[in-house]
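Computation of the quantities below employed the complete heavy-atom set of this structure, encompassing side-chain atoms and omitting hydrogens, waters and symmetry-equivalent molecules. In the text below, chain A, chain B and the rest are named by the order of the sequence lines, each starting its count at 1.
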Amino acid sequence: MRLNKRYINKIIVLFLICFIIPKSYSQNNTAINLFDSANYQYSKGNYEKAIQLYESVLNTNIEAAALYFNLGNAYYKNNQIGLAILYYEKAKKISSNDEDIEHNLMLANLKTEDKVNQLPELFLTNWINNIANLLSEKSWSIICIIMLCASLVMFAFYFSTNVVIFKKIFFYIALILFIKAIVSFFLAQHQYSKLKKNNSAIIINPSSNINSSPSEKSTKLFILHEGTKVDITDEDNDWMEIKLSNGNVGWVKKADLGRI
Amino acid sequence: MIHLISLNNKMLRLRIFFSLFFSALSVFLFAQKFTAQASKNIVAVGETFQIAFTLNSSGGNFRPPVLNDFDVYSGPNQSSNMSFINGSMSQSITLSYIIAAKKEGKVTIGSASIVVDGKTIQTNPISIEVVKNSAAAQNQQQSQQQHQNNKSAVASENGGDNIFAKTIVSKSKAMQGEQITVTHKIYSRYQLVDLKNIKFPDYTGFWAQDVPGHQTIQVTNENIDGVIYQVGELKRSYLFAQQTGKLEIKPLELECVVRTQSHRAPRDIFEQFFGGGYEDVLIKAKSKTVIIDISALPKSSQPEGFSGAVGDFSFKAHLSKDKVKANDAVNLTITISGKGNIKLLDPLKINFPEDFETYDPKISEKITAGANDVSGSKTFDYLIIPRHEGDYKIEPINFSFYDPSKNKYITLPSPQFNLHVEKGDAEPASPVTFNPKSKEDVKILGNDIRYIKTNNVEFTSVNSYFFGSLIFYVGMITPFFAFIGFLLIRKKHIAQNSDVIAVKSRKATKMAKKRLALAEQYLKSNDKELFYSEVFKALFGYISDKFNIPLADLNKDNITAILKSKNVSDITFKQLIEIIDKCEYARYAPSAVSDELPTIYSNTVDVITKIEDEAK
């Protein structure tokens, strides 16, 4: 029994280290200063200045949901709806369950000109998405590890005790925790892959021609206006093949798009 | 109804006539009116026209005016008219002359007088403009000759100078919203019989108000460059431009039927005699396109809230009550009256307190097109229902308009209205109506994005993910290693525990070694005396603890008895006694003990272990 306890202690310490390490090194002072002065400019109504400062924070290669959200707000106030939507979508990608982001994105989308009918999502996909969106990739990963440890500790108890009733209880708890660990693993992976793949994009040019092939001379299929969300399906030099949520496909210039 | 008309072409002795027929009836008559009228106000020299003097009662002693400047062709011709309507009688007498002017210029026909009931009544003098003898007059004069000669001077089909339509505008340059009078006229030197298919232009770009009363077309004479035209005013409208730039009024088109001298000879003498030999000719007439240049109202001094009113207006605002109970209705009436584009006035913007329930105003208007301009009034009636008690104020309402005659904007303010709302009746009158005093939804005044986030911002470097990172894998794998480690240790543990005796003796040895910890120290420092005494103490202490006997009561004898009773074997017992003996001996003569200290030590451990194992 005593040996067992010593191992648990070790595991706990290991976890504490896991949490502390990424948090401590990411705090960057210059970035925070830039961010604060950007917020100040925003509050004064100098949206263009605020946009510059927010962009300079992004240039230091760090990101935060709040940073994208604020930048989106600044673009919105500066009447650049396409860019506002792009940054709201970026914020949403990091913090998928934020009500403020949802609200502003909804308002920004009201200002877009194109109405693209969205194909309805499958019930199950929708359901999984909703559950996965409750927490971030990081949180699900940590939950997965905690559940795994707890489950193994319970198995250890199950092996240690000789009383039949305790054995049963420990076994079932351990089993449930283990299943939970597996579920959280997949949810974490779901969130992770969603973050990793960036094949969604927003039209940021006020009016973009969508051509039938990656060439200026090709037939113009349709026109999209800023703020429309598209999926990137292919790439060719300066051109991207996009697919709209209603199924339309065409080629657009890279510069007209902003990847989420 | 009895209609009695007598017409006499012959001259009668008026005095006799009047006295015989009408003096008796004069009792029934009321206000007497004696008027003079000429059939034409502009005539050519030699052109015949009629003057008529009409009296609406009976009278006598008629004196015609002096007509020295005229040739009297016929007259006085008398006609009288009497009618009974529902028992009351009315009558009139007309005396007429057909005359022609002798020379051109302005000629006045003096007053005629008549005596009615002993009083003399006079007509107004009539002035007649006489112009040079023109073609038209010649036409008329020469008609007899033409008739005879079979040569006619009938106008060509398109009318030419003899018949034309004209669109007359009062201004060719105007401001947006300024009144422009447009008149459509037909000019003819022939006798107009009928007008057909009149196509009035639509006034694109204008708001038009037609002057009513053109169902019948009044024909007047007009002198244009010495030529007399019959002029008919077809339509008169007031236009208000609604846009700027050059606006066109499209031509007026119509077909005129005119009576002209027939080309052919009269069929017989009767036709000639009874005015035959004329024929009706259809002539098309078209006016020219008129262009009006509309300029915008000055932008620079335009007051706030100006909504395009142009003209001369007055403005009145009135609140029906200044004290009211909550949920009772109040009316705010705004009346704008004056001249100008009154029809185009929009409801004024009024800042009602947010909490008031307001409805769109009821708009009523009264617009009349007069002889010179459009005037009238427009009323906006606002229904307001205050829902909560308190003192409210309605900010002054400003009405702005542009006055083209003064070339400036004028703003008329209303006073500020104060409304005191008292607590309404506790219960609404009808139980069915929704009680507005109950909870109300929060009024959404605007919609805006949420404010930026400034606190608790967690920055991470771009593309740093926890899932899939090294720490994540370590975190995932370590617990498994720990678990496997735990299982291995546990397995070893179980294997050791399976040999019961070994476990027991190991435990006893451990315990003995613990008791002999001090002795072991002395052994190492080779302190014989202390070593023996400690071994002795440890043994006695052990036995005392093990068998629960106080230390003071212990001696070799009762140890023997106890160990025997606890089934300790003789060998063990002997070994114990031997050690105790050695210890006692060494205490008194330490140098005499020859045994090596380690041997004593290991024997003692052995003994304790054995007792531990054997004692039950």
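Proximity to chain B (any heavy atom under 4.5 Å) is shown, for A/Glu99, by both the backbone and the side chain. Proximity to chain B is limited to the side chain of A/Leu107, based on heavy atoms less than 4.5 angstrom apart. Residue contact with chain B, scored on non-hydrogen atoms closer than 4.5 Å, is absent for A/Tyr40. Both the backbone and the side chain of A/Ser43 come within contact range of chain B, each with at least one heavy atom under 4.5 Å from a heavy atom of that chain. The part of A/Phe35 that comes within reach of chain B is its side chain, from C-beta onward, which places non-hydrogen atoms under 4.5 angstrom from that chain. Both the backbone and the side chain of B/Tyr465 come within contact range of chain A, judged by heavy atoms closer than 4.5 Å. Both the backbone and the side chain of A/Phe159 come within less than 4.5 Å of a heavy atom in chain B.
Using a 4.5 Å heavy-atom threshold, the side chains of A/Tyr76 and B/Asp448 count as touching. You'll find the side chain of B/Phe466 reaches within 4.5 Å of the side chain of A/Ile145, heavy atoms only.
Taking OG of B/Ser469 as the start and CD of A/Glu137 as the end, the distance is 8.0 Å to the nearest 0.5 Å. If you take CZ on A/Phe69 and CD1 on B/Ile449, they are separated by 7.0 Å, rounding to the nearest 0.5 Å. One finds the OH atom of A/Tyr42 at 11.5 Å from the OG1 atom of B/Thr454 (value rounded to the nearest 0.5 Å). How far CG of A/Leu152 is from CZ of B/Phe486: 10.5 Å, rounded to the nearest 0.5 Å.
For the set A/Ala64, A/Ala108, A/Ala38, the entry with the most heavy-atom pairs within less than 4.5 Å of chain B is A/Ala64. Note on B/Met476, B/Lys453, B/Arg490: by heavy-atom pairs under 4.5 Å with chain A, the leading option is B/Lys453. Between chain B and the options A/Ala65, A/Ser141, A/Ala74, heavy-atom pairs under 4.5 Å are most frequent for A/Ser141. Between chain B and the residues A/Ile94, A/Leu105, A/Asn73, the most heavy-atom pairs under 4.5 angstrom are made by A/Asn73.
The ring pair (Phe, Tyr, Trp, His ring centres under 6.0 Å) check on A/Phe186 picks up nothing, with sequence neighbours excluded.
In terms of modelled atom types and a separation under 3.5 Å, the side chain of A/Asn104 and the main chain of B/Arg450 share a donor-acceptor contact. At distances below 3.5 Å, not a single donor-acceptor pair connects side-chain atoms of A/Asp100 with backbone N or O atoms of B/Tyr451.
Note: A/Phe185 and B/Phe472 have parallel aromatic rings, judged against thresholds of 30 and 60 degrees for the angle between ring planes.
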